Amino acid sequence: MSLIPYSCQTIEEDDIAAVAHAMREPYLTQGATIGKFEGSLAAYVGASYATACSSATAGLALAYRAFGVGPNSSVWTVPNSFVATANAALYCGARVDFVDIEPGTWNICVRALRTKLIQARSDGKLPHLVVPVHFGGVSCDMKSIAKLAGEFGFKVIEDAAHALGSTFEGKQVGNCEYSDAAVFSFHPVKTITTGEGGMIVTKDARADGVMKVLRTHGITREASALENSSEGAWYYEQQALGWHFRLTDIQAALGTSQLRKIGDFVARRRNICRRYASEFSSLPIAVPSEASISQSACHLFPVYLGKFSPQRKRVFDELRVAGIGVNVHYIPIHLQPFYRNLGFTPGSYPQAEKYYVGALSLPVFPRLEPQQQTHVIETLRTSLSQL
Ligand SMILES: *Cc1c(COP(=O)(O)O)cnc(C)c1O
């Protein structure tokens, strides 16, 4: 039996037709399909502006820069994320620091954030930017984070790579009611895919304009934005050092097609997570609550093994041998050799470290068949019962 992956794209004939259509258009990149995808996604999440880019990693770097992150800034995020959340700050020349997570959601702990902010204020080291990560698709407490942003004067950019299709207080993640911007990923394991790709949404027109210039080398052709007078129709100016972070029209066509089906993708993911949650409710392990599932895009079904944590490797290996592509999200970023070389040490973020030791992500994706779900449920049950 082939391995059931922890997540997987859903590509249908209409997606393939949309890509084929895009390939017959005059522009394969920098064409009109990009703006169409940006408009559809902004409308879906309820944001004013959207900038498509080559990945969420690129999107995080663009957003950090556009909201003023530079060599003298510090950016705070959580250790329980993919390395890209922190790396993007280093690309901007900024310093990175971390805030511990809370048990249950495994998201940023607002109390730990507040404590760290009070200390930072007295040390004169307040962050320029805080980046909450919606782990597995469950939104962070954005209202409380926005309150702290007002009190301590920092910007908020959501790493919403897991959370396209999630809601907070009944509204789509990405509406930016409580943040300056949010960044989505279209990697094949995420809610919708463009192969590789990302999108930044914001309600800030200025920042959106900056991001659109920075994603194409820092070059502008817009007459009203030129510093010098135009020398002719060929004329353009590079006014800042940007990057080449564009998405192609082929990818944007796939994204637009995928976005039409997001309701179905999320509903299927939620149903699988609900089944897992109810099947595992009697086991002494921590799983997402019914309430959190109904507001999450269910990118992951993260299990915390609790007292079984010391046997996590055995459980992981048994599931893999049974053809189940379990995964672990995340090795705390500060424990990576690169970050240890920057001075971070084990023991600094005890909740993230404790979670990592017992973490296991079970397969969730729209086409995971009922009998495959049963196989996952029975294999995990058997594995735990033998410990
Ligand atoms: C996937 C992911 C990213 C990076 O997304 P890419 O599109 O692959 O660059 C960033 N942060 C988190 C939390 C992710 O899961």
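Every number for a ligand or one of its atoms is a count from 1 in the order of the listing. Keep in mind that what you see is a predicted model, and the values were worked out from it rather than measured.
Arg275 places a side-chain N or O within donor-acceptor distance of the main-chain N or O of Pro370, the cut-off being under 3.5 Å.
Remark: Arg381 engages Glu279 in a salt bridge, criterion side-chain N to carboxylate O under 4.0 Å. Classification of Glu38 and Arg215 as a salt-bridged pair holds, one side-chain N sitting under 4.0 Å from a carboxylate O. A salt bridge does not link Lys116 with Asp100: every distance from a Lys NZ or Arg NE/NH1/NH2 to an Asp or Glu carboxylate oxygen is 4.0 Å or more.
No more than 12 heavy atoms of other residues, nucleotides or ligands lie within 6.0 Å of CD in Glu222, so this atom counts as exposed by the packing criterion.
Scanning the protein heavy atoms around atom 2 (C) of ligand 1, the nearest turns out to be Lys190 NZ, 2.7 Å. Regarding atom 9 (O) of ligand 1, its nearest protein heavy-atom neighbour is Thr57 OG1, 2.5 Å. What sits closest to atom 10 (C) of ligand 1 on the protein, heavy atoms only, is Asp159 OD2, 3.6 Å.
Taking distance alone, with nitrogen or oxygen atoms compared against 3.5 Å, His162 approaches ligand 1 more closely than that limit. The shortest N or O to N or O distance between Ala56 and ligand 1 is under 3.5 Å.
Taking only non-hydrogen atoms, the option from Pro188, Ala61, Ser185 nearest to atom 8 (O) of ligand 1 is Ser185.
Ring-centre distance between Phe135 and Trp106: not below the 6.0 Å cut-off.
The proximity of Ser81 to ligand 1, defined as any non-hydrogen pair under 4.0 Å, is limited to the side chain. Residue-level proximity to ligand 1 for Tyr330 is carried by the side chain, the only part with a heavy atom below 4.0 angstrom.
In this structure, a donor-acceptor pair under 3.5 Å is present between the side chains of Thr105 and Glu102.
Shown in contact with Gly197 at under 4.0 Å from a heavy atom are these atoms of ligand 1, numbered in order with element: 7 (O).
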